[in-house]
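Heads up, the thing below is written out as structure tokens.
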Amino acid sequence: VIVNLPKKKGTWSDGHKPISFDAPILVAEGSAAQRRLVADIAEFRALFPAALSYTKIVPVDEVVTLTLFYREDDHLQRLMLNDAQIAEIDRLWDELHFVSESPLKRVDVFDQLWQFATQDADPSAFEPLREPILKAAAAFKDTQTTADAVQRQAVVDFAAKAWRRPLTDKEIASLLNFPPRLMLARVLTSHAFLYRGEQAR
């Protein structure tokens, strides 16, 4: 039987007193209670590790790190989210990686890490990381190329709303000379967006 030595107010429905973090627990050696307690503690440790690498999503504690965004929501998904919510959080992470261009930045960071390791150690331990990082960057560039036309058209459609009128062919051609991000900046800094012009009648 599990015995809680300090007297606590309140009991469970089975008559046992609640277990507290600051109270010792006594069980008989080899008993069912001991096995159940050990199993429960192991499950708790699996869910809540003793320490995490970083307390922030974006690690800032190291000079060079391969991890731009640190994701650790396995337990959140398994314990609390349904399939639709899991799909939504996965989509948001994909958008974050796309906007941040993290696969491309990892290539640069890997080179820095390699050069840093060659100063006083053997960098060969990092060599297995090179090919996956380069492949991920190549795949990301393909994704960017595929998305480019869609993004450009989305900015042109947005410009018509921002400028409160249809765009001329000349204006569209001028916008398309810029990358999508600069297209958006051009739309939002244009006098057609900042000021509402009155047409003479």
Side-chain angles (χ1 to χ4, degrees), residues 21 38-117 123-163 167 172 175-189 193:
F21 72 92
V38 170
D40 289 344
I41 292 174
E43 182 179 3
F44 180 87
R45 286 175 176 169
L47 291 176
F48 302 99
L52 299 177
S53 298
Y54 298 101
T55 58
K56 299 180 179 180
I57 292 179
V58 180
V60 295
D61 299 337
E62 300 295 336
V63 177
V64 179
T65 175
L66 281 174
T67 304
L68 179 60
F69 299 107
Y70 186 72
R71 180 177 181 179
E72 191 182 53
D73 54 17
D74 295 341
H75 298 316
L76 172 67
Q77 293 188 25
R78 184 168 64 86
L79 298 174
M80 302 183 66
L81 304 184
N82 57 36
D83 291 343
Q85 292 168 330
I86 292 174
E88 175 69 6
I89 199 171
D90 286 340
R91 182 187 65 79
L92 293 173
W93 271 101
D94 288 341
E95 289 185 0
L96 175 62
H97 287 300
F98 185 88
V99 172
S100 66
E101 299 183 339
S102 60
L104 301 181
K105 293 178 180 178
R106 289 190 72 188
V107 175
D108 297 333
V109 172
F110 179 79
D111 289 338
Q112 296 177 26
L113 183 64
W114 180 274
Q115 295 172 11
F116 183 79
S124 60
F126 299 103
E127 185 58 36
L129 300 174
R130 184 185 301 276
E131 185 177 354
I133 289 175
L134 293 178
K135 284 185 176 180
F140 181 77
K141 288 180 179 179
D142 291 339
T143 302
Q144 281 186 314
T145 300
T146 303
D148 184 76
V150 177
Q151 290 176 330
R152 289 174 178 275
Q153 185 58 51
V155 176
V156 170
D157 295 341
F158 171 74
K161 296 178 181 179
W163 294 354
L167 274 64
I172 293 176
L175 281 177
L176 292 176
N177 286 328
F178 298 96
R181 292 190 183 189
L182 292 182
M183 285 178 64
L184 187 59
R186 174 70 178 84
V187 169
L188 296 178
T189 57
F193 172 70

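Count residues from 1 along the sequence.
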For residues Phe178 and Val155, determine if any side-chain heavy atom of one lies less than 4.5 Å from a side-chain heavy atom of the other. no
The complete set of side chain to side chain donor-acceptor pair (under 3.5 Å) pairs with one or both residues in residues 180-189, sequence neighbours excluded, reads none
Which heavy-atom pair separates Ala137 from Val107 by the least distance, and what is that distance? CB-CG2, 3.5 Å
Tell me every residue that passes ring-ring contact (aromatic ring centres under 6.0 Å, His included) with Phe140, counting only those two or more places apart in sequence or in another chain. Phe98
Can you name the closest pair of heavy atoms from Pro103 and Ala136 and give their distance? CB-O, 4.1 Å
Using a 4.5 Å cut-off on heavy atoms from C-beta on, say whether the side chain of Arg106 contacts that of Leu129. no
For Gln77 and Asp74, indicate whether the former's side chain and the latter's backbone hold a donor-acceptor pair under 3.5 Å. no
For Ile89 and Arg71: C-alpha separation, side-chain torsions, deciding distance, then whether side chain to side chain contact (heavy atoms under 4.5 Å, CB included) applies. CA-CA 11 Å; Ile89 199 171; Arg71 180 177 181 179; 3.9 Å; yes
In the structure I gave you, are the side-chain heavy atoms of Gln151 and Met183 within less than 4.5 Å of one another anywhere? no
Report the C-alpha separation of Asp157 and Gln153 in whole Å, then their side-chain angles, then the decisive distance to 0.1 Å, and conclude whether the side chain to side chain donor-acceptor pair (under 3.5 Å) test is met. CA-CA 6 Å; Asp157 295 341; Gln153 185 58 51; 2.9 Å; yes
Ser124 meets the side-chain hydrogen bond (donor to acceptor under 3.5 Å, both in side chains) criterion, sequence neighbours left out, with Asp122
Hey, does Asp90 have a side-chain heavy atom less than 4.5 Å from the side chain of Ile86? yes
Show the nearest heavy-atom pair for residues Leu188 and Phe158, with the distance to one decimal. CD2-CE2, 3.8 Å
If I take atom CZ from residue Phe69 and atom OG from residue Ser102, how far apart are they, to the nearest 0.5 angstrom? 6.0 Å
Listed partners of Lys141 passing side-chain hydrogen bond (donor to acceptor under 3.5 Å, both in side chains), at least two apart: none
To the nearest 0.5 Å, what is the distance between CG on Leu134 and CD on Glu131? 8.0 Å
Taking the side chain as every heavy atom from C-beta outward, state whether Leu81 and Asp73 have any atom pair closer than 4.5 Å. no
Can you name the salt bridge (Lys or Arg N to Asp or Glu O under 4.0 Å) partners of Glu95, sequence neighbours left out? Arg91
Above 12 or not: heavy atoms from other molecules or residues under 6.0 Å from CG of Asp83? no
Is it the case that atom CD in Glu127 sees more than 12 heavy atoms from other parts of the structure closer than 6.0 Å? yes
In plain terms, say whether Asp148 and Arg152 are close enough for a salt bridge, that is, a side-chain N and a carboxylate O under 4.0 Å apart. yes
Tightest non-hydrogen contact, residues Ala162 and Val187, listed as CB-CG1, 3.8 Å
Going by side-chain hydrogen bond (donor to acceptor under 3.5 Å, both in side chains), name the residues that satisfy it together with Asp40, two or more places apart in sequence or in a different chain. none
Measure the CG-CG distance between Leu182 and Leu175 for me, rounded to the nearest 0.5 Å. 11.0 Å
Is there a side-chain contact between Leu176 and Val156 (heavy atoms, below 4.5 Å)? yes
